[in-house]
Chemist: 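Pasting a structure below so you can have a look.
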Amino acid sequence: MQAAFDVIVVGGGLVGAAIAYGLARQHRARTLLLDEGDIALRASRGNFGLVWVQGKGRGFPAYTRWTMASADAWPAFSEEIEDATGIDADYDRPGGVDLAFDAAELHDLATGMHDIRSGLNGRDYPFDVLDQRGLKNIFPHVGDGVAGGIHCPHDGVANPLRLLQALHAGFARSGGTYVARCPVASVQPQPSGVRVRTGQGDYSGATLVLAAGLGTTGLAAQAGMTVPLHPNRGQLMVTEPMPAMLGLPTVNVRQTREGSFLIGYTSEDAGLPTETTQAGLGAIARRAVTAFPFLAGVRIVRTWAALRIMSPDGFPIYARAPDHPHIVAAACHSGVTLAAMHASRLPDWIVGAEDAPDLSAFSSERFDVPTAA
Ligand SMILES: Cc1cc2nc3c(=O)[nH]c(=O)nc-3n(C[C@H](O)[C@H](O)[C@H](O)COP(=O)(O)OP(=O)(O)OC[C@H]3O[C@@H](n4cnc5c(N)ncnc54)[C@H](O)[C@@H]3O)c2cc1C
């Protein structure tokens, strides 16, 4: 055995790095973070960077509350991590808009938002349904092909690459140990603790956190856990920098602090390939130009695709192994939005702190199919 740690976290993407940072900083846990490497599938390096509340948790109020808690914690979280590391994650909370391209889509979006609000039993959940004129007040450059949109003041943005860098730097400064190019091949529960076998030798720890994105399913199965996840491909593009034209982000187009426009994104069940396609890029480009016609004259500088980590119902999974409660799994498709909770309240739950949040709604037991008597 090479070393003994309080906690081993497998997966150095946004989810694993946020958890590891929180464990090391907040709980002073001796934490080891193991990551597979550059050829791995990494959603954290390919996403759109929204810290997004609207539309989250229809039919699953625990997720709406968790998302809102994270969005509310983001301002202090971004300050804290900048103070600790000097890295600015470019966080802003100007509110955000989901655009609707026809009346039926606007109606569906508004119905979804009213459903989410009713699920919260009276908790404040502010949003406005905007017609085209309302939208033009926010976006003077919006195209006539947009019917309206939903505005939500809770929405914001961050730079996901800077965030990831900050989490790793914060983890290192809190005394954490990071080992890169270290794929975990096997998980071996022990009577007290756990051993993991890697390409760089074995490591032992008292607690194990599996946050390996799409790799979590296979590792969790070795500890007797069912963590069903599947890939969902998103294609994106980024333009050359331009003068400031969009004050608020939308789900499809946002302008970064540097001035470039991020244009997204597809949602495709296409297996593991991460190639872009002409059809996918064409579709998002057409939608972006309909939304903001001036984009037709702006040069695209890069396109890419990345894989979302999706559970069967689309909501996060935070689960403990039934026979090994010191082994947990964490997976979600909104790792930027939830980073503030993953760096604070999720570590409380992992170590079993007295005031830990109740995350039972997110257990993967919700996917167990009842067998006929
Ligand atoms: C197109 C797209 C747009 C998105 N937009 C947003 C957005 O706007 N806002 C938002 O909040 N979220 C967004 N997301 C989701 C967000 O990117 C993910 O939720 C987040 O990145 C997931 O992070 P992760 O750490 O779980 O996974 P990953 O980033 O995939 O990281 C998993 C890590 O585990 C490691 N690993 C895997 N197997 C092993 C192993 N056996 N041993 C050791 N290490 C292993 C890999 O090396 C990898 O680094 C988007 C995702 C996509 C694809």
Side-chain angles (χ1 to χ4, degrees), residues 8-20 32-53 55-56 67 70-71 74 96 155-161 163-164 167-168 178-187 196-200 203 208-222 227 229 231-237 249-252 254 262-268 270 272 274 276 280 284 303-311 314-318 329-342 346:
I8 298 175
V9 180
V10 182
L14 282 172
V15 174
I19 293 170
L32 171 68
L33 178 60
L34 302 173
D35 191 58
E36 179 175 350
D38 286 343
I39 51 152
L41 301 164
R42 297 204 270 196
S44 303
R45 286 165 167 78
N47 70 68
F48 200 66
L50 298 177
V51 178
W52 212 245
V53 169
K56 300 279 182 77
T67 300
S70 201
W74 247 99
D155 294 328
V157 287
N159 179 324
L161 298 177
L163 170 63
L164 186 60
L167 289 169
H168 276 265
Y178 175 58
V179 185
R181 293 179 291 284
C182 189
V184 171
S186 78
V187 170
V196 294
R197 181 142 289 177
T198 80
Q200 299 191 35
Y203 294 93
L208 177 68
V209 179
L210 299 171
L214 291 166
T216 303
T217 304
L219 295 172
Q222 297 178 34
V227 181
L229 299 169
N232 173 275
R233 184 171 64 191
Q235 302 186 42
L236 294 93
M237 49 178 77
T250 76
V251 172
N252 310 106
R254 73 178 184 90
L262 269 182
I263 298 174
Y265 34 62
T266 58
S267 174
E268 306 160 80
L272 292 176
T274 50
T276 55
I284 62 173
T303 64
W304 70 94
L307 301 178
R308 295 182 186 85
I309 293 135
M310 296 298 286
S311 66
F315 302 121
I317 296 177
Y318 307 119
C332 73
H333 78 70
S334 288
V336 183
T337 304
L338 295 178
M341 284 295 102
H342 290 168
L346 190 55

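Bear in mind the structure is a predicted one, so any value in this text is a computation, not a measurement. One-based numbering, in listed order, for ligands and for the atoms of each.
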Chemist: What is the distance from atom CG of N232 to atom CD of E268, rounded to the nearest 0.5 Å?
Modeler: 7.5 Å
Chemist: Can you check whether G46 has an N/O within less than 3.5 Å of an N/O in ligand 1?
Modeler: no
Chemist: Distance check, rounded to the nearest 0.5 Å: I317 atom CD1 versus S311 atom OG?
Modeler: 5.0 Å
Chemist: Taking distance alone, with no angle check, do V15 and ligand 1 share an N/O pair under 3.5 Å?
Modeler: yes
Chemist: Checking F48 against V157 for the side-chain contact (heavy atoms from CB on, under 4.5 Å) test, could you report, in this order, the C-alpha distance in whole Å, the side-chain angles of both residues, the deciding distance, and whether it holds?
Modeler: CA-CA 9 Å; F48 200 66; V157 287; over 6 Å; no
Chemist: Please tell me if the side chains of D155 and P249 come closer than 4.5 Å, counting only heavy atoms from C-beta onward.
Modeler: no
Chemist: What distance do R233 atom CZ and L272 atom CG have between them, rounded to the nearest 0.5 Å?
Modeler: 10.5 Å
Chemist: Distance from L338 atom CG to H333 atom NE2, nearest 0.5 Å?
Modeler: 8.5 Å
Chemist: Compare all side-chain heavy atoms of V336 with those of L50 and state whether any distance is below 4.5 angstrom.
Modeler: no
Chemist: Between Y265 and ligand 1, does any nitrogen or oxygen pair lie at a separation below 3.5 Å?
Modeler: no
Chemist: Could you say whether the N/O atoms of R45 and ligand 1 ever approach to under 3.5 Å?
Modeler: no
Chemist: Hey, looking at atom 23 (O) of ligand 1, which of G335, G13, S44, S70 has the closest heavy atom?
Modeler: S44
Chemist: C182: heavy atom below 4.0 Å from ligand 1, yes or no?
Modeler: yes
Chemist: Is the shortest distance from a heavy atom of A331 to ligand 1 less than 4.0 Å?
Modeler: no
Chemist: Take L219 and L208, measure what side-chain contact (heavy atoms from CB on, under 4.5 Å) needs, and give me the verdict at the end.
Modeler: CA-CA 11 Å; L219 295 172; L208 177 68; over 6 Å; no
Chemist: Under 4.5 Å between any side-chain heavy atoms of R45 and L161, yes or no?
Modeler: yes
Chemist: Compare every heavy atom of A158 with every heavy atom of W74, then report the nearest pair and how far apart it is.
Modeler: CH2-CB, 3.8 Å
Chemist: Nearest heavy atom to atom 40 (C) of ligand 1 wins, so pick from V184, L164, V187.
Modeler: V184
Chemist: Going by the order shown, which atoms of ligand 1 are within less than 4.0 Å of some heavy atom of S334?
Modeler: 10 (C), 11 (O), 12 (N), 19 (O)
Chemist: Under a 4.0 angstrom heavy-atom cut-off, which atoms of ligand 1 come close to A306?
Modeler: 53 (C)
Chemist: May I ask which of L219, V10, N47, I19 has a heavy atom nearer to atom 17 (O) of ligand 1 than the others do?
Modeler: N47
Chemist: Quick check: does E36 get an N/O under 3.5 Å from an N/O on ligand 1?
Modeler: yes
Chemist: Short list, please: which atoms of ligand 1 are under 4.0 Å from a heavy atom of C332?
Modeler: 19 (O)
Chemist: Within ligand 1, which atoms have a heavy atom of P183 less than 4.0 Å away?
Modeler: 42 (N), 43 (C)
Chemist: Is the shortest N/O to N/O distance between R308 and ligand 1 below 3.5 Å?
Modeler: no
Chemist: Polar-atom distance check: L338 versus ligand 1, any N or O pair below 3.5 Å?
Modeler: no
Chemist: Does some side-chain heavy atom of L14 sit less than 4.5 Å from a side-chain heavy atom of L167?
Modeler: yes
Chemist: Does any N/O atom on F48 come nearer than 3.5 Å to any N/O atom on ligand 1?
Modeler: yes
Chemist: Would you call I8 and L34 a side-chain contact if the rule is heavy atoms closer than 4.5 Å?
Modeler: yes
Chemist: Minimum distance, heavy atoms only, to atom 37 (C) of ligand 1: which one of A212, G215, G49, A180 is it?
Modeler: A212
Chemist: Of all the atoms in ligand 1, which lie at a distance below 4.0 Å from a heavy atom belonging to D35?
Modeler: 33 (C), 34 (O), 35 (C), 43 (C), 44 (N), 46 (C), 47 (O), 48 (C), 49 (O)
Chemist: Give the contacting part of L236 toward ligand 1: side chain, backbone, both or neither, where contact means a heavy-atom distance below 4.0 Å.
Modeler: side chain
Chemist: Can you tell which of L262, L163, L307, I309 gets a heavy atom nearest to atom 27 (O) of ligand 1?
Modeler: I309
Chemist: Could an N or O of ligand 1 be found under 3.5 Å from any N or O of G234, whether backbone or side chain?
Modeler: no
Chemist: To the nearest 0.5 angstrom, please state how far the CD1 atom of I284 sits from the CD1 atom of I263.
Modeler: 7.0 Å
